[in-house]
Amino acid sequence: MTNCFKLRALIISLLFLNLFRISVASVVSTGNFNNDFFVMWAPNHVNTSANGRERSLKLDQDSGSGFASTQMFLFGRIDMQIKLVSGNSAGTVLAYYLTSDQPNRDEIDFEFLGNVSGQPYIVQTNIYADGFDNREERIYLWFDPTEDFHTYSVLWNLHQIVFMVDSIPIRLYRNHADKGVAYPRWQPMSIKISLWNGDSWATRGGLDKIDWSKSPFIASFRDYKIDACVWNGNPRFCRADSSPNWWNRRRFSTLTRVEKRWFKWVRKYYLVYDYCQDYQRFQNNLPKECSLPKY
């Protein structure tokens with residue numbers, strides 16, 4: 001009888017341990033750049049406010065700059081408020097992305113392509129899965145992103161990847177792994193942000209170069225939120241449909257009716273390029289996901 005009670009106590013303890021491990025798998029960020037990120041490139045070009053709540057990156061002829069998260073994540077939602085480079089920003093690229101940094105890397109990219117003064121900013125999104133990309137989409141923004149901060153978000157779960165601007169979905173990528181389409185679902189990723197010289201391609205295919213007389217170019221960040229599963233070496237905790245892992249719940253497996261309307265609005269009025277419409281590039285053999293449902 002004593003052994004029976006001991007066994008039951010052991011089982012209960014293990015259950016509580018598992019619940020605890022699952023509960024700490026999800027983290028809500030501190031909101032302090034000094035705690036949640038480290039400078040990965042050109043510290044003298046990275047400026048952080050005294051309270052750690054705001055940060056800016058600088059690009060000049062000497063260097064670009066960047067920072068990265070101290071943790072790696074497998075699924076969750078990332079929100080970052082960003083004010084883009086103002087004025088004539090042609091040739092500059094601000095990259096805000098998740099990456100696994102493996103040879104067969106997974107990556108979820110926002111890239112903000114600088115513009116000539118008076119022209120709309122272009123946002124390019126891309127997805128790497130098992131080392132392959134070629135999934136670029138581009139949209140114009142419907143506002144001036146240099147006048148104020150706007151929130152740029154990624155929702156990444158077992159069902160879909162959703163890119164959002166001020167909570168409006170601008171791009172979807174569904175998990176069609178069961179149909180042979182690669183999907184980022186096993187590799188943990190860190191958050192990286194960098195500002196750099198991309199004038200070989202970024203603005204009008206590289207026709208508009210950086211005007212260094214306008215430098216330094218500054219991009220600013222604040223009020224970020226990381227609500228994601230911290231990687232602890234075991235994907236089971238991040239793939240669980242548990243209370244902390246709210247993003248994996250069925251209600252987040254597709255867009256709501258209102259979100260679908262916004263998504264269609266963006267696609268109708270602001271879409272610039274969609275790889276799934278580029279028959280010439282793929283020689284009339286579009287990637288498989290292009291013929292599959294988005295939601």
Side-chain angles (χ1 to χ4, degrees), residues 40-41 64 66 68-69 72-76 78 80 91-114 121-140 152-165 169-206 228 231 263 266-267 270-295:
M40 64 177 180
W41 180 22
S69 62
M72 300 189 79
F73 311 96
L74 185 63
F75 306 126
I78 315 297
M80 181 71 69
T92 68
V93 177
L94 176 67
Y96 157 49
Y97 59 109
L98 292 154
T99 181
S100 65
D101 285 332
Q102 298 298 318
N104 62 328
R105 77 182 186 274
D106 289 342
E107 197 166 289
I108 302 171
D109 296 346
F110 268 107
E111 290 179 316
F112 303 92
L113 310 183
Y121 245 96
I122 288 178
V123 177
Q124 175 171 285
T125 57
N126 197 4
I127 292 171
Y128 286 72
D130 296 331
F132 295 97
D133 62 334
N134 293 330
R135 298 183 178 93
E136 300 93 344
E137 291 188 6
R138 291 184 176 187
I139 67 161
Y140 286 131
Y152 303 89
S153 309
V154 172
L155 172 66
W156 170 37
N157 60 32
L158 287 168
H159 314 287
Q160 62 179 349
I161 296 167
V162 185
F163 295 82
M164 291 169 280
V165 177
I170 64 166
R171 180 178 183 176
L172 307 176
Y173 185 80
R174 283 208 70 75
N175 184 353
H176 289 299
D178 60 333
K179 298 179 178 65
V181 177
Y183 184 84
R185 56 197 174 121
W186 295 107
Q187 299 184 47
M189 295 195 266
S190 60
I191 306 162
K192 293 189 175 181
I193 300 179
S194 58
L195 178 60
W196 42 281
N197 176 0
D199 71 2
S200 63
W201 65 275
T203 309
R204 292 203 307 138
W231 178 249
F263 176 68
V266 171
R267 309 291 285 187
Y270 297 101
L271 183 67
V272 178
Y273 174 82
D274 180 355
Y275 75 107
C276 280
Q277 298 174 5
D278 196 340
Y279 290 91
Q280 182 177 355
R281 175 184 181 184
F282 293 102
Q283 300 178 337
N284 292 319
N285 186 25
L286 294 175
K288 190 172 184 179
E289 65 266 20
C290 295
S291 62
L292 296 172
K294 288 188 181 295
Y295 45 75

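Just so you know, these numbers use all the heavy atoms, side chains as well, and skip hydrogens, waters and symmetry mates.
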To check you understand the geometry: which heavy-atom pair defines the closest contact between [X] and [Y], and what is its length?
X: M40; Y: I193; answer: CE-O, 3.8 Å
X: L158; Y: N175; answer: O-ND2, 2.7 Å
X: A228; Y: I78; answer: CB-CD1, 4.3 Å
X: W196; Y: W41; answer: CB-CH2, 3.8 Å
X: Y97; Y: S194; answer: CE2-OG, 4.2 Å
X: D106; Y: D130; answer: OD1-N, 2.8 Å

| query | Got a sec: does the CZ of F132 have more than 12 other heavy atoms crowding it under 6.0 Å? | reply |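 Open: at most 12 neighbouring heavy atoms sit under 6.0 Å from CZ of F132.
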
For [X], side chain to side chain contact (heavy atoms under 4.5 Å, CB included) partners two or more places apart:
X: N126; result: D109, Y128, D133, R135, E136
X: Y279; result: N284, L286
X: L113; result: V93, E111, I122, Q124, R138, W201, A202

Answer whether the closest heavy-atom distance between the side chains of [X] and [Y] falls below 4.5 Å.
X: V162; Y: Y295; result: no
X: M189; Y: I108; result: yes
X: V165; Y: V123; result: no

Let me confirm one number: the [atom1]-[atom2] distance from [X] to [Y], rounded to the nearest 0.5 Å.
X: H176; Y: Q160; atom1: NE2; atom2: CD; result: 10.0 Å
X: I139; Y: L271; atom1: CD1; atom2: CG; result: 8.0 Å
X: F263; Y: F163; atom1: CZ; atom2: CZ; result: 11.0 Å

Partners of [X] by side chain to side chain donor-acceptor pair (under 3.5 Å), sequence neighbours excluded?
X: Y96; answer: none
X: R204; answer: D208
X: N104; answer: none
X: Q102; answer: none

Tell me, please, which residues at least two apart from [X] pass salt bridge (charged side-chain N to carboxylate O under 4.0 Å, His left out).
X: R105; result: E107
X: D101; result: K192
X: R267; result: E137, D274

| Under 3.5 Å, is there a donor-acceptor pair linking the side chains of N134 and Y275? |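 Not at all, the side chains of N134 and Y275 share no donor-acceptor pair under 3.5 Å.
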
| said: Does anything in residues 181-191 form a side chain to side chain donor-acceptor pair (under 3.5 Å)? List the pairs, not counting sequence neighbours. | reply: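 Non-adjacent pairs meeting side chain to side chain donor-acceptor pair (under 3.5 Å): S100-Q187.
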
| field | ring pair (Phe, Tyr, Trp, His ring centres under 6.0 Å) against F112, all qualifying residues, sequence neighbours excluded | value | F110, Y152

| Is a donor on one side and an acceptor on the other found under 3.5 Å between the side chain of K179 and the backbone of K288? |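 Checking the backbone N and O of K288 against the side chain of K179, no donor-acceptor pair under 3.5 Å is found.
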
